[in-house]
Protein chains: 2
Amino acid sequence: MVKNAPVCKSRSVGEYVDEVVSSLPSDEHIIELAEFLEAFGDSSRIKILLALSNHELCTCDISAITGLSVSAVSHQLRVLRDKKLVKYRREGRNIFYSLDDEHVADILSIASQHIEEEG
Amino acid sequence: MVKNAPVCKSRSVGEYVDEVVSSLPSDEHIIELAEFLEAFGDSSRIKILLALSNHELCTCDISAITGLSVSAVSHQLRVLRDKKLVKYRREGRNIFYSLDDEHVADILSIASQHIEEEG
DNA sequence: ACCATATTTGAACAATTGTTCAAACATAGT
DNA sequence: ACTATGTTTGAACAATTGTTCAAATATGGT
């Protein structure tokens, strides 16, 4: 009837289920978390973010640095803007992008550490 | 000829391009970084990871906690295993999963902070 | 008003994703 | 050997993704 209804018949397991359920944040928060972290999940965007950890950069310089087309960079910057990983300011014809805050750099750095340790 | 060839004609911009390029890690490292962080980028997987920050859990309890089907959980656990976000151990019929290391919990926690600050 | 530069946008496309379902495999108890 | 429980697997499907291309928008200089 209830399709997803589990499951463990063993009762030594499963005693903490209610406790864990009530420790979880709201679905809304979980979705925001996933959407924020999803924005890190593409090598073009990672390359852009790593470039921005060194310097504030305009769109066309990011294109030159990453080897991506200007259009591809702009599309990815939109994702990074929408998901609040980067901020920007206009200066004449150029728009300069930078990391939104330290959290973004921290996540990149922790992820780097993790990869180096795992081999 | 070269399709992606940029780009900025203004020379005040772009002087640091070479410097930033040489500061970037290898493409291989960038891809590993993206693949690791991509594994955080789905609300089902985030829910699983948050549950695991509280308790070591077996597959069917994760299913009960998250409301996902056992099969869906197992598929996602495979992603999390492959990308080294979780580890596991067998105990009889059950397989207990837990976060691979502190890095994973740290990333979840920093991302949570980020979201709360941005509103 | 016009032109060049810088950037964004929208449609199109192949490629990838997450879930479901049914079937398989693994372990433990009888 | 058989059965029940726990978990994984593979095929299928709709939905989403990232890039390209062509066209649009924005700013500044003449």
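We use all heavy atoms of the structure for the numbers below, so side chains are in, but hydrogens, waters and symmetry mates are not. Letters A, B, ... are given to chains in the order of the sequence lines, protein chains preceding strands, and every chain is numbered from 1.
The CD1 atom of A:I62 sits 9 Å away from the P atom of C:dT8 (whole-angstrom rounding). Protein atom CG of B:L68 is 9 Å distant from nucleotide atom C1' of C:dT19, rounded to whole Å.
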So B:L37 and B:I107, side chain to side chain contact (heavy atoms under 4.5 Å, CB included) or not? Walk me through it. CA-CA 9 Å; B:L37 289 168; B:I107 286 173; 4.2 Å; yes

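Judged purely by atom type and a 3.5 angstrom limit, B:S74 has no side-chain atom pairing as donor or acceptor with the backbone of B:V70. Judged by distance alone, the side chain of A:D42 and the main-chain N or O of A:S44 form a donor-acceptor pair under 3.5 Å.
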Extract from the structure each pairing of a protein N or O with an N or O of nucleotides 26-30 of chain D at less than 3.5 Å, listing the distance.
none

With 3.5 Å as the limit, what N/O pairs link the protein to nucleotides 10-16 of chain C?
residue: C:dG10; atom: O6; partner: A:H75; partner atom: NE2; Å: 2.7

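Cation-pi geometry between A:R81 and A:Y88 is met: under 6.0 angstrom from the ring centre, within 45 degrees of the axis.
In terms of position on DNA chain D, the residue among B:Y88 and A:G41 whose nearest nucleotide sits closer to the 5' end is B:Y88. Along DNA chain C, the nucleotide closest to B:S44 and the one closest to A:L77 are compared, and the more 5′ of them pairs with A:L77.
The minimum heavy-atom distance linking A:F40 with A:L49 is given by the pair CD2-CD1, 3.9 Å.
Cluster membership for B:I31 and A:I48, using ILVMFWY side-chain heavy atoms within less than 4.5 angstrom, is not shared. Residue B:L33 is not grouped with residue B:V79 when hydrophobic side chains (ILVMFWY) are merged at heavy-atom distances under 4.5 angstrom, including chains of intermediate members.
A side-chain donor from one of B:S112 and A:H29 sits under 3.5 Å from a side-chain acceptor of the other.
With a 4.5 Å cut-off on side-chain heavy atoms, A:L57 and A:L52 count as touching. When side chains are defined from C-beta on, B:V104 does not count as touching B:V86, because their heavy atoms never get closer than 4.5 Å.
For B:D42, the side-chain atoms get nearest to C:dG18 when compared with the rest of C:dG18, D:dT19, D:dT7. Considering only the side chain of A:Q76, D:dG18 comes nearest among D:dT7, C:dT9, D:dG18. Candidate nucleotides D:dT8, C:dT9, D:dT19 were compared by shortest atom distance to the side chain of B:I95, and D:dT8 ranks first.
Comment: B:K87 does not engage B:D101 in a salt bridge, judged by the lack of any side-chain N to carboxylate O separation of less than 4.0 angstrom.
Across the helix from C:dA1-D:dT30 to C:dT30-D:dA1, the helix axis at one end is tilted relative to the axis at the other end by 20° (nearest 10 degrees, each axis from five pairs).
When heavy atoms are screened at a 4.0 angstrom cut-off, A:Y97 is found touching the sugar-phosphate backbone but no base atom.
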